[in-house]
Amino acid sequence: MADDNFFERVYEVVRQIPAGRVTSYGAIGHFLGSKRSARVVGYAMGAAGGARPPVPAHRVVNSQGLLTGKFHFPTFDLMEQMLASEGIVVEDNKVQNFKTVFWDPSIELL
DNA sequence: CGGGTGACGCATA
DNA sequence: GTATGCGCCACCC
């Protein structure tokens with residue numbers, strides 16, 4: 001439920017990601033104060049499937065821009081399909097122009 | 001209270 | 001640039 005847990009904190013940030021932009025687990029963890037807790041962010045994403053409203057986890061990738069969580073989606077091509085729909089170029093499971101489409105909550109979500 | 005897990009990140013070779 | 005290992009923090013059992 002809407003617990004004030006670290007989870008919902010991550011969900012809230014991810015939901016602020018504008019279309020056509022992506023962010024990394026570490027960036028979110030860093031914004032939350034625990035820059036080394038990227039794993040926790042990823043773990044939160046795992047529970048995002050039961051979060052309401054749904055969280056655009058497809059906009060969250062690792063520091064390499066790699067779609068590490070694409071295999072966790074209902075269908076493995078759903079994630080890149082969503083990103084492509086946003087205008088993000090995905091090649092070989094990784095986001096192209098990652099640096100350009102990168103969205104840093106610590107800066108954009110001031 | 002203790003142990004194990006995990007959609008990561010960074011350091012080192 | 002690629003490969004391997006360790007560390008981190010929060011949640012679940």
Side-chain angles (χ1 to χ4, degrees):
Chain A
M1 288 293 287
D3 298 25
D4 294 298
N5 294 342
F6 205 98
F7 273 44
E8 202 183 274
R9 192 67 52 193
V10 175
Y11 302 153
E12 196 171 330
V13 175
V14 175
R15 286 184 299 205
Q16 305 314 300
I17 304 175
R21 295 289 182 271
V22 294
T23 188
S24 62
Y25 305 97
I28 298 172
H30 183 15
F31 175 72
L32 298 177
S34 302
K35 51 187 176 184
R36 303 296 177 185
S37 62
R39 306 190 89 138
V40 185
V41 178
Y43 195 84
M45 292 278 93
R52 272 82 65 194
V55 179
H58 61 273
R59 293 182 186 158
V60 185
V61 297
N62 69 358
S63 297
Q64 304 175 29
L66 237 189
L67 285 71
T68 49
K70 80 168 208 168
F71 290 101
H72 292 250
F73 277 75
T75 53
F76 68 87
D77 47 314
L78 179 62
M79 187 171 186
E80 66 179 88
Q81 201 70 91
M82 294 281 277
L83 293 172
S85 184
E86 296 287 330
I88 299 174
V89 181
V90 180
E91 182 78 15
D92 189 40
N93 298 340
K94 64 187 171 193
V95 179
Q96 302 302 297
N97 307 307
F98 176 62
K99 182 179 177 185
T100 305
V101 300
F102 184 73
W103 179 84
D104 190 334
S106 191
I107 300 174
E108 307 293 324
L109 187 62
L110 182 57

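Throughout, protein chains are lettered first and strands after them, A, B, ... in sequence-line order, and every chain is numbered starting at 1.
- Here the options are T23(A), V22(A), V55(A), the test is side chain to side chain contact (heavy atoms under 4.5 Å, CB included), and the partner is I17(A); only T23(A) passes.
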Hey, what are the protein-to-nucleotides 1-3 of chain B N/O distances that come in under 3.5 Å?
none

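- Nucleotide dA10(C) holds its C1' atom 11 Å from the OH atom of Y11(A), rounded to whole Å.
- To the nearest 0.5 Å, atom CE of residue M45(A) and atom CZ of residue F7(A) are 9.0 Å apart.
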### Message
Does the protein touch nucleotides 4-13 of chain B at the base, only the backbone, or not at all? Give it as B, S and - per nucleotide, heavy atoms under 4.0 Å.
### Response
--BBBSS---

Atom pairs and distances, donor-acceptor, side-chain atoms in residues 86-95 of chain A, under 3.5 Å, two or more places apart:
residue : atom : partner : partner atom : Å
E86(A)  : OE1  : G20(A)  : N            : 3.2
E86(A)  : OE2  : R59(A)  : NH2          : 3.3
N93(A)  : OD1  : K70(A)  : NZ           : 2.6

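- Residues in residues 20-40 of chain A take part in no ring-ring contact (aromatic ring centres under 6.0 Å, His included) pair, two or more places apart or across chains.
- Using a 4.0 Å cutoff on non-hydrogen atoms, no part of residues 87-106 of chain A comes near DNA chain B.
- Taking hydrophobic clusters as Ile, Leu, Val, Met, Phe, Trp and Tyr residues chained together by side-chain heavy-atom distances below 4.5 Å, V60(A) does not share a cluster with M82(A).
- Between A57(A) and V14(A), the shortest heavy-atom distance links the atoms N-CG1, 4.4 Å.
- Considering all non-hydrogen atoms of both residues, N62(A) and L66(A) come closest at OD1-N, 2.7 Å.
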### Task
Can you run through DNA chain C from 5' to 3' and write each base as (, ), [, ], | or . depending on how it pairs? Watson-Crick or G-U wobble, both distances under 3.5 Å.
.||||||.|||||

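- Following rounding to the nearest Å, L66(A) (CG) and dT2(C) (C1') show an atom-to-atom distance of 14 Å.
- Residue pairs meeting the side chain to side chain donor-acceptor pair (under 3.5 Å) criterion with at least one member in residues 36-46 of chain A: none, sequence neighbours excluded.
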Enumerate donor-acceptor pairs with a distance under 3.5 Å from any side-chain N or O in residues 102-110 of chain A to protein atoms, sequence neighbours excluded.
residue : atom : partner : partner atom : Å
D104(A) : OD1  : S106(A) : N            : 2.8

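- Within the structure, the salt bridge (Lys or Arg N to Asp or Glu O under 4.0 Å) test picks out no pair touching residues 22-32 of chain A (sequence neighbours left out).
- S63(A) and F98(A) make their closest contact through O-CE2, 3.5 Å (heavy atoms, listed as atom of the first residue, atom of the second, distance).
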Can you give me every donor-acceptor pair (side chain of residues 71-81 of chain A, partner residue at least two apart or in another chain, under 3.5 Å) with its distance?
none

